[in-house]
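Beneath this line is the structure, given in structure tokens, with notes to follow.
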Amino acid sequence: ATLDVSMEFLAAGSSPVSYYDYKTGEYWSSHNNPQDRVPYPSWLALKMRNTLCPGDLLKVDPLEVMRVDIPDKKVIKTTNDGKGHESTVKGRKGVPLTTCHAFRDGTRLSLMLINRSFTEPRKVSLDIPPGFSGPSRQYALTNPDPKANNRKEENVKIQESAGPELKSGMQVTVPPASVVVISNAKP
């Protein structure tokens, strides 16, 4: 969710936003504790964006995307007095289950795919810009359990592998609640 929100701000033209401090602890931290220093998945997701997706953000035109309506939800918001109060988080209609962000840095093309579904892998078909073809590397931040965390040990990791052949019409499957980056950069 942190990466997703950060990318939405970036796509809307805002400056980079600082979400987390490089520190240990429970709240807005990068790592779990001073001894183990296991990075949280949110930190790893932002690391993927910052290290694997250099260059300019390109415009992406989604042609066909499964969408869902998210209803309003009642929540208890903590207040400064510690008592909290009930509030409603407004829902949204037509939220895409998968998003794609593309970056170009000279001859390097990086495609970031985010699957918002916690239950289903999403198959994504991509038409890439002309001039980009050939082998790629794939980086996935995922775990078979979409609700896995790194609070005590590193369960969610960035996994690197050979990626699909870059070409228009290529297909990539993004696991539930995961981020996948495809890049034509050399390993």
Side-chain angles (χ1 to χ4, degrees), residues 1-12 16-17 19-20 28-32 36-55 57-58 60-70 73 92 94-104 108-128 132 135-167 169-185 187:
T2 302
L3 175 66
D4 205 2
V5 170
S6 176
M7 292 309 303
E8 292 298 318
F9 275 117
L10 186 62
V17 178
Y19 281 100
Y20 289 87
W28 302 104
S29 299
S30 58
H31 294 75
N32 68 338
D36 300 328
R37 300 198 61 78
V38 174
Y40 288 126
S42 51
W43 182 262
L44 293 172
L46 292 171
K47 176 182 175 181
M48 289 176 76
R49 158 50 188 116
N50 292 335
T51 61
L52 301 174
C53 301
L57 182 64
L58 303 176
V60 173
D61 291 322
L63 299 178
E64 184 179 331
V65 179
M66 179 180 257
R67 296 175 182 272
V68 295
D69 294 337
I70 299 174
K73 182 174 182 170
R92 291 177 50 199
V95 176
L97 281 179
T98 310
T99 61
C100 176
H101 303 280
F103 298 84
R104 179 176 46 209
R108 180 174 179 172
L109 177 68
S110 300
L111 306 166
M112 176 183 285
L113 305 166
I114 302 172
N115 182 358
R116 294 174 172 154
S117 172
F118 271 74
T119 57
E120 299 177 25
R122 306 298 310 158
K123 187 174 278 191
V124 179
S125 296
L126 300 163
D127 288 325
I128 61 174
F132 294 99
S136 71
R137 298 297 297 166
Q138 179 169 304
Y139 306 86
L141 182 61
T142 189
N143 185 288
D145 176 3
K147 294 185 179 184
N149 62 64
N150 286 2
R151 288 186 200 116
K152 295 186 176 166
E153 57 188 31
E154 195 169 3
N155 297 308
V156 184
K157 303 175 186 179
I158 299 171
Q159 302 163 13
E160 182 180 353
S161 62
E165 190 75 14
L166 287 180
K167 61 182 178 182
M170 65 186 271
Q171 292 191 341
V172 177
T173 299
V174 185
S178 298
V179 179
V180 171
V181 172
I182 307 290
S183 177
N184 68 335

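Remark: the backbone N or O of N155 is paired with a side-chain donor or acceptor of N150 at under 3.5 angstrom. Judged by distance alone, with hydrogens and angles left aside, the side-chain atoms of S117 form no donor-acceptor pair with the main-chain N or O of N115 at under 3.5 Å. For the pair S136 (side chain) and P164 (backbone), a donor-acceptor distance under 3.5 Å is present. Between the side chain of S178 and the backbone N or O of V174, no donor-acceptor pair lies under 3.5 Å. With hydrogens and angles ignored, the 3.5 Å screen pairs no side-chain donor or acceptor of D36 with any backbone N or O of V38. Looking at R108, its side chain does come within 3.5 Å of a backbone N or O of L52 through a donor-acceptor pair.
Looking only at side-chain heavy atoms (C-beta outward), V172 and M170 come within less than 4.5 Å of each other. Side chains of M112 and R49 form a contact here, defined as non-hydrogen atoms less than 4.5 Å apart. Under the 4.5 Å side-chain criterion, counting only non-hydrogen atoms from C-beta, R67 is not in contact with L97. Side-chain contact between V60 and H101 is absent, with no heavy-atom pair separated by less than 4.5 Å. Between P39 and E154 the shortest side-chain heavy-atom distance falls below 4.5 Å. The shortest distance between side-chain heavy atoms of L141 and V156 falls below 4.5 Å. By the 4.5 Å heavy-atom criterion applied to side chains, T119 and P176 are not counted as neighbours.
With L111 as the fixed residue, the side-chain contact (heavy atoms from CB on, under 4.5 Å) test singles out one of V181, I128, N184: I128.
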Step by step, work out the side-chain contact (heavy atoms from CB on, under 4.5 Å) result for N32 and Y40. CA-CA 7 Å; N32 68 338; Y40 288 126; 3.9 Å; yes

Please step through side-chain contact (heavy atoms from CB on, under 4.5 Å) for the pair R104 and F132, ending with a clear verdict. CA-CA 10 Å; R104 179 176 46 209; F132 294 99; 3.6 Å; yes

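Sorted by first and then second residue, the pairs that involve residues 114-123 and meet salt bridge (charged side-chain N to carboxylate O under 4.0 Å, His left out), not counting sequence neighbours, are D4-R116, E8-R116, E120-R122.
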